[in-house]
Each structure stands twice: as C-alpha cells, then as structure tokens.
Protein chains: 2
Amino acid sequence: MKVGFIGMGIMGSPMAVNLLNAGYEVYVHTRTRVKADRAASAGANWCDTPARTAQNADVLITCVTDTPDVRAVLLGENGVIETGRQGLICIDMSTISPKATVEMGQVLAEKGIKFIDAPISGGQKGAEEAKLSIMAGGEKADIDAVMPLFEVMGREITHCGPLGSGQKTKLVNQVMVIHTIMSISEGFALAEKAGLDLKTTYNAVSRGAAGSHSLTNLGLKIIEGDMKPAFMVDLQVKDLKLVLEYADQLKQPLPGVGLVRQLMGSLQAQGRGRDGTQALVDVIRQLGT
Amino acid sequence: MKVGFIGMGIMGSPMAVNLLNAGYEVYVHTRTRVKADRAASAGANWCDTPARTAQNADVLITCVTDTPDVRAVLLGENGVIETGRQGLICIDMSTISPKATVEMGQVLAEKGIKFIDAPISGGQKGAEEAKLSIMAGGEKADIDAVMPLFEVMGREITHCGPLGSGQKTKLVNQVMVIHTIMSISEGFALAEKAGLDLKTTYNAVSRGAAGSHSLTNLGLKIIEGDMKPAFMVDLQVKDLKLVLEYADQLKQPLPGVGLVRQLMGSLQAQGRGRDGTQALVDVIRQLGT
C-alpha cells in the first residue's frame, strides 16, 4: 500500500517514520523540505507538491497546523484534488474546524475521493512511541480500510461517528484538557501564595477528587519551574480558537474556555507561545503580584 | 481514650461510628439531637452542650458546616473552652477559614488547649468506608498523638504544616476540584450540542490528557442524567466562598474560581442546591438554549 504523507512537523515526522518502519511505501511532502530529512533517512520518497504526493497514493494523510493549511493542501493549487485517483482515501490528522472538514469532504467526494477526519491526542511522545489516541470520523468501511495504518501510529482508536465527528471529539477533548490546566494553575498559585510546601500539597491532593492527568503529568513540572512544552501555548490557543469558533456556530457559550483562552493570550503577549501550557500558572501568579 | 465529637452530619456521624467500632469511648453533641441516633445506637454517649462534650474528653473533634459554627462550638456560650482541660487536643475536621483557624488556635492556647485543623476529602462514601483523605495542620507532636484516631477514620493522612495548613491545603484541593467539574460540564455540553454520542466521546477522551477524577466518577452520571450528589452544590458554593475570601486576604485573584462560583450560584437560584456538583453541566446547557 502506497501512503502519501503531508506535514513533517513534530507529530507528522515520527508518524511517517512509524509507517515506514512497519513496511509501508511512504511519499512525503512538507513546506520546509529539511523537515522531511528524518523521514527520508527512514526511506521516504520526497515529492515537490501535494499533488505529486497524492499521485500514486492509495491513502493520503495530512498532519498540518490549521484549517487553511489543510484546505490549501487538499483543494488548492497543486493540491491533492488535482491528482488524487478515484477511491483515494484522504485522512486528515490535523486539528481543524469540524464544519470545514465536512465542507472539504463534499468537494473531495465530487471527485470520488473519500475523506476521514482523524485528529490525534498524545503529543510528540505519543507520536514517537506510536501511542496516539486517534479520534476518527467518517464512513465505517473507509475507517476499517485504513485501520492497519492507525494501528501502526496509535493505540486507542475510536470511531466517533460520521465525517467531522473526529474533529468534534478532539475539540471536546481540548475543552476538558484546558480546564485541568486551569485547575493546576490556580491551585498551585494559591498554594504558593498561602506559603504551603508545594510537594506536600501535591502529595495530599493528587490521588483524590482533585486528581487529573494534567496534575499527574504537569504538576511536578510546575513545582520544579519546568516550562518546557508537552504541548505548546501557541498550539493550545490555536485549538481554543477552533473550539470557540465551533461553539459559536452551535450557539453554545463556553464562558470557562473563553476566560482561559484570554489568559493564555497573556503568555503569547509575553513572547512565551512556545512554552508548555503549564506556564498558565505564571499568568495567575502575575495577577497576584 | 475519651473522644468528644461535635457535629453528626453526613460526615461526622459515620466518622464517630468508626471510632466507636474501633473501641473508643465517644461523647457526642449536635444541634439536632435525632441526628445523633445512629452514633447512639453504636454506643455513643449524648451530651447536651459542647461544654459537656468536652468535659471529660482527651480529644475533642468538631465536624460542622462553616467558620461561625466552629467558633460558636469552641468559643461561644456553653462552648468547649468553658470546660476543656489543660492538654485537651481539639481537632477541627470542618472546612473553614484558615485565618479564623489560626485565630481560634491562639484563643484556645491561652487556656492550654491544643488545636489541630484536619479537614477531610472523600465525601460521605469516604467517611462511611473510613477512606477519607485527611489534611492536617498543627504541631507534629499533637498530630502524632491523635494519629491513631485519624487512621480509624481515613486512609491518606498528610501533615501539611503548622496550624491552618490543613485548611489551606483543603482550599487548594477545592480549587483544583472545581475546575475539573467545569471541565466535564463544558466538555459534555459542547459534545451534546455537537450531536456526538456521549458514551463514545467519554470512551475516546477519558483515558488521555482530558482525564480527571471528576470525569471518571461523574462523567457517566452526566451521561445518564443522574444529578444525585456525591458532593452537594450548596456545600461546594460554601467552600468556594471560603476559597475566594482567603484568596482576597492573600491578594491572589482567581478568575476561574470566581467564574465557576457565579455559575454554581445559578443552580442555587433554581433551587438545586442539594443536587450534585455535576449539575453545573445544566447551567452551561442553559446558556445555549
């Protein structure tokens, strides 16, 4: 099976390498060619454009930054739609707009190209270790057909519903995540101002009702002042914009997400967009200094 | 060892029963005598006033609602301070103001009465099953002296620091908890409005970065429309008021807690103060209907 893979970022690159290591023939393209070096070393074939990447592919995967990037790669000049054969299955593993996903699926369908949205969770570590959670939307037959690829890249694979459901589920995931980041940010800011020993506080609360994946995985980083990213502020804000745009389309106000998105913006204003999301604790601290 | 126990609520009553079952001689008092029936059946001796409860006690435990209640019981008319002997150890297991805790400790110390704050987490179930988390503040020697009692009532016991540190840690715990309640409330409200299958969504997100104790323990209740309390809205709001009062004293703004406290107030306005905190999802839903 020939796989096209567009987007050699911190997620896409290790995902393509995992496909290569599993024996797939992989054709890659990305905006900045040097980013494809790692996949090329693992045996990937370089293609100059999205159209050429799709030319001989049975499956074409995109893993890029945002909605306009996916649209350009799939439907733009030298895009996948120019060369993709009838029956090609496109899988978009970026996190983008659910509405745009459905719209692009309609355009692709007119050319006989199938479309699956399959955004991922698990970060760079999950991509490297092939332990991603994959939230897939689309026709069951199409998802079944590409399941062997998903199983090479991820561990927990859920068919969430029709096209767009993967993106919807991913946005729900991001809503839930961001509040747990707020949980540890306001919690530790208060603990610190109260003069508590933070490690003792962590031990007292982390296994009870206050517990969260974020507390377990980012709590000690906050205590140690380690702001290196498991997930970057810039990407989190991008995702929260998608959440709020989608919630607006649904007429579902989310005041909590709105607040956190604004506070996250303060980190970007301070030039800290490449810090990890746990840096939100500093914004809360700054409110009290 | 003779133990006085004041406050036979949904927490205090089973805690006193656990002490009785462990062989302690327990003297009880509570505002509404009928609430002491269960402890009396287990062998507790009824006392008409806090003063009488403290009269022969080596250790005097309070587990009542709020700061004024603890102050009345310990320092008010017919209060513990009137009869407590020199060397009596008072343990307040209510959730109240850290500042008031330190002030009451000073008054008690003038009479030679020792004071420990030891608020609890784990809810009615934790109290019944003797699996409470206990966050203790005070002198190490005093805490060591009452550790056998703590071990009868709870499982994870942390000495958080000097007097008041237990309450501070409990308030940090409540900050962290409330954001995880917001996490599942906004998350499920969005998922529902998006037309996602909620159980599938739960399965896709609960074991990853979105995971929390609240998602695991209250998520399915939301999906099933079960609003019975693990922890009541009225008590959550009471605790959030304590958090915000204390944060004000420290000059540490907590905008997220402020927002959630206001939204929780909407449940009280609707007469739903005795629902479980997961009912917050209905407030978010109402914003979108």
Side-chain angles (χ1 to χ4, degrees), chain A residues 98 121-123 133 135 156 158-161 165 168-169 171-173 175-180 182-184 186-191 193-197 200-201 203-205 207-215 217 231 243 246-247 250-257 259-260 263 284 287-288, chain B residues 98 121-123 133 135 156 158-161 165 168-169 171-173 175-180 182-184 186-191 193-197 200-201 203-205 207-215 217 231 243 246-247 250-257 259-260 263 284 287-288:
Chain A
S121 172
S133 293
M135 293 157 262
E156 298 213 19
T158 308
H159 182 196
C160 301
S165 301
K168 292 176 185 180
T169 304
L171 295 186
V172 168
N173 183 76
V175 168
M176 291 190 180
V177 169
I178 198 59
H179 285 298
T180 66
M182 192 67 166
S183 170
I184 60 176
E186 289 201 342
F188 280 117
L190 180 65
K193 202 76 183 267
L196 289 170
D197 179 79
T200 303
T201 304
N203 289 333
V205 305
R207 277 165 295 184
S212 65
H213 183 278
S214 290
L215 179 54
N217 289 276
F231 191 62
V243 166
Y246 182 56
L250 295 177
K251 300 193 195 308
Q252 175 57 63
L254 298 175
V257 173
L259 174 64
V260 185
L263 294 173
I284 306 298
L287 293 173
Chain B
S121 173
S133 293
M135 293 157 262
E156 299 211 19
T158 308
H159 182 196
C160 300
S165 301
K168 293 176 185 180
T169 303
L171 295 186
V172 168
N173 183 76
V175 167
M176 291 191 180
V177 169
I178 198 61
H179 285 298
T180 66
M182 192 67 167
S183 171
I184 59 176
E186 290 201 341
F188 280 117
L190 180 65
K193 202 77 183 267
L196 289 169
D197 179 78
T200 303
T201 304
N203 289 334
V205 306
R207 275 164 296 184
S212 66
H213 183 277
S214 290
L215 179 54
N217 289 277
F231 191 62
V243 166
Y246 182 56
L250 295 177
K251 301 193 195 309
Q252 176 57 63
L254 298 175
V257 174
L259 174 63
V260 186
L263 294 172
I284 307 298
L287 293 173

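In what follows, chains carry the letters A, B, and so on, assigned in the order in which the sequence lines appear, proteins first and then strands, with residues in each chain numbered from 1. Since the structure is predicted, the reported quantities are computational estimates derived from the model, not experimental observations.
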Engaged part of [X] at the chain B interface, taking heavy atoms whose separation is under 4.5 Å:
X: A:I178; result: neither
X: A:L250; result: both
X: A:F188; result: both
X: A:Q252; result: both
X: A:M182; result: both

Is B:L259 in contact with chain A via its backbone, its side chain, both, or neither, using a 4.5 Å heavy-atom distance?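 Contact with chain A: side chain only.
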Select one option (side chain, backbone, both, neither) describing which atoms of B:L196 are under 4.5 Å from chain A's heavy atoms.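 Interface part for B:L196: side chain.
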In terms of heavy-atom pairs under 4.5 Å with chain B, which of [options] leads?
options: A:S133, A:S214, A:G208, A:C160; value: A:G208
options: A:A204, A:G288, A:P98, A:A209; value: A:A209
options: A:T158, A:V175, A:L190; value: A:L190
options: A:V177, A:L287, A:L254; value: A:L254

Minimum heavy-atom distance [X]-[Y], with the two atoms named:
X: B:T180; Y: A:S212; answer: CG2-CB, 4.5 Å
X: A:K251; Y: B:K193; answer: O-NZ, 2.9 Å
X: A:H179; Y: B:E186; answer: NE2-OE1, 2.9 Å
X: B:A210; Y: A:N173; answer: CB-OD1, 3.3 Å
X: B:M176; Y: A:I184; answer: CE-CA, 4.3 Å

Interatomic distance, B:N203 atom CG to A:T169 atom OG1 [nearest 0.5 angstrom]: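 If we round to the nearest 0.5 Å, B:N203:CG and A:T169:OG1 are 11.0 Å apart.
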May I ask you to name which of B:T200, B:I284, B:L171 has the most heavy-atom pairs under 4.5 Å with chain A?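 Among B:T200, B:I284, B:L171, the one with the most close pairs to chain A is B:I284.
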With a 4.5 Å cut-off on heavy-atom pairs, point out which of B:G161, B:A189, B:A191, B:P255 contacts chain A the most.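 The answer is B:P255.
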